[in-house]
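Working notes, structure below.
Start at 1 and go down the list; that is how both ligands and their atoms are numbered. Residue numbers run from 1 in the order of the sequence given. Predicted model, so just to flag it, every value in this text is computed and none were measured. Just so you know, these numbers use all the heavy atoms, side chains as well, and skip hydrogens, waters and symmetry mates.
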Amino acid sequence: MQRDTLVFDIINKELARQRHGIELIASENFTSLQVIQASGSVMTNKYAEGYPGRRYYAGCEFVDQTEQLAIDRLKQIFNCEYANVQPHSGAQANAAITLALLQPGDKILGLDLSMGGHLTHGSPVNYSGKTYEAHFYGVVKETGLIDYDTLEQKARQHKPKLIFCGASAYSRDWDYARIRKVADEIGAFVQCDMAHPAGLIAKGLLSSPFEHCHFVTSTTHKTLRGPRGGIILMKKDFENPFGLKDVKGNIRMMSNLLDMAVFPGIQGGPLQHIIAAKAVAFGEILSDEFTVYAQQVITNAQAMAKAFVEKGYQLISGGTDNHLMLIDLRNKNISGKKAEQALVQADITLNKNMVPFDDKSAFVTSGIRVGTAAITTRGMKEADMQFVVNVVDKVLMNADDTALINSVRGEVNEFMKQFVLYPEL
Ligand code: DSN
């Protein structure tokens with residue numbers, strides 16, 4: 001077969017883009033080369049419907065080994081009894097939980113998307129909002145912190161079967177114990193979607209959801225710095241709440257229902273190349289090197305937040321406990337959309353984001369979301385955050401000045417040369 005230079009030329013341009021720019025998208029990161037190699041390996045050729053040791057195809061002895069390794073390492077990272085590494089994404093992981101637990105029309109309660117929540121926690125445009133009766137809590141206007149009073153009030157009022165916690169644009173830690181308390185009171189399950197801060201939780205730098213949440217899901221490509229994918233975890237397996245029995249009359253455990261919800265419930269063949277790459281990434285997370293990385297992510301985020309505040313930017317909740325911050329740009333007279341577009345011209349990528357109680361649509365937004373997971377992987381330290389904030393500010397304050405933005409792009413490209421990315425490629 002002829003080399004597809006068209007595609008590989010485009011891939012090389014993407015590599016150059018990643019090398020030259022400052023990556024501030026809070027949900028992105030740069031995996032190690034060995035994670036890329038595993039995800040681009042011959043494991044992609046293998047069909048392996050089922051689970052290790054119980055597949056519907058022959059020749060699964062090696063994919064069984066990598067999948068088992070991924071499961072064992074993941075259980076070790078979070079000290080859990082159950083892990084499923086097959087979900088293709090975080091959305092699939094969340095879908096599997098709802099499929100295992102709920103019937104169409106059942107009630108769920110989650111953080112409103114416009115307040116930092118996620119599509120799969122009940123948004124009307126997502127299967128979760130279309131299939132289940134979704135109710136929402138938000139954040140307190142004055143503080144930007146989760147409104148636990150409203151969460152409790154809505155839980156008591158609607159009696160959902162499942163309460164979601166976790167967010168995609170929330171910079172503070174969570175009070176999981178408080179959520180579990182009201183869930184127990186009304187007989188609900190609690191699911192934490194820890195996709196954003198998972199790598200920080202892995203190293204004990206934020207509260208652990210595992211003691212208090214029945215189910216924990218995550219993506220693997222954000223602060224966990226693995227390949228693009230999803231996972232499901234339970235600290236402790238438990239008897240399914242529906243009294244379902246297997247053919248021998250034994251009560252099925254929740255782990256059985258979750259495994260069945262992933263396959264055959266919502267997925268077919270697992271992506272074995274990605275599962276091998278997850279195993280590699282989980283091995284990296286177990287290292288001391290990753291502990292240093294996770295700590296630096298937070299140190300950088302706090303230095304960056306301080307630098308933004310010193311320049312008069314309004315951070316929702318005033319700062320950050322994790323890897324991200326949400327900035328309300330209304331006092332800077334620029335929309336999130338315009339900010340995102342101006343910054344990308346200077347090779348700085350981040351995303352526009354609604355802020356709580358936003359008066360602009362999700363397509364325009366009043367805010368931006370900024371994260372430090374990717375730039376920390378590049379090797380930046382807290383002293384570098386001032387440069388990053390300076391160039392972001394320069395662009396935002398001169399968003400119509402093409403010549404100035406071009407000169408900032410030159411500064412950015414020069415600055416990034418010191419943070420070498422994939423020298424082997
Ligand atoms: N799209 C992801 C994010 O950017 O946070 C969430 O799934």
Under a 4.0 angstrom heavy-atom cut-off, which atoms of ligand 1 come close to [X]?
X	result
S168	5 (O)
H196	3 (C), 5 (O)
S27	3 (C), 4 (O), 5 (O)
R369	3 (C), 4 (O), 5 (O)

Protein heavy atoms near atom 4 (O) of ligand 1, is at least one of them under 4.0 angstrom away? yes
For the atom pair [atom1] ([X]) and [atom2] ([Y]), what is the distance rounded to the nearest 0.5 Å?
X	Y	atom1	atom2	value
D347	E23	CG	CD	10.5 Å
F215	M254	CZ	CE	4.0 Å
I405	Q341	CD1	CD	10.5 Å

Quick one: does E28 get a heavy atom under 4.0 Å from ligand 1? no
Hey, what's the ring geometry for W174 with Y176, parallel, tilted or perpendicular (30° and 60° as the breaks)? parallel
Is the Y127 ring parallel, tilted or perpendicular to the Y132 ring (thresholds 30°, 60°)? perpendicular
Give the residue and atom name of whichever protein heavy atom lies nearest to atom 7 (O) of ligand 1, and the separation in Å to one decimal. H118 NE2, 2.8 Å
Could you walk me through whether H121 and F164 pass the ring-ring contact (aromatic ring centres under 6.0 Å, His included) check? CA-CA 6 Å; H121 301 181; F164 286 102; 4.6 Å; yes
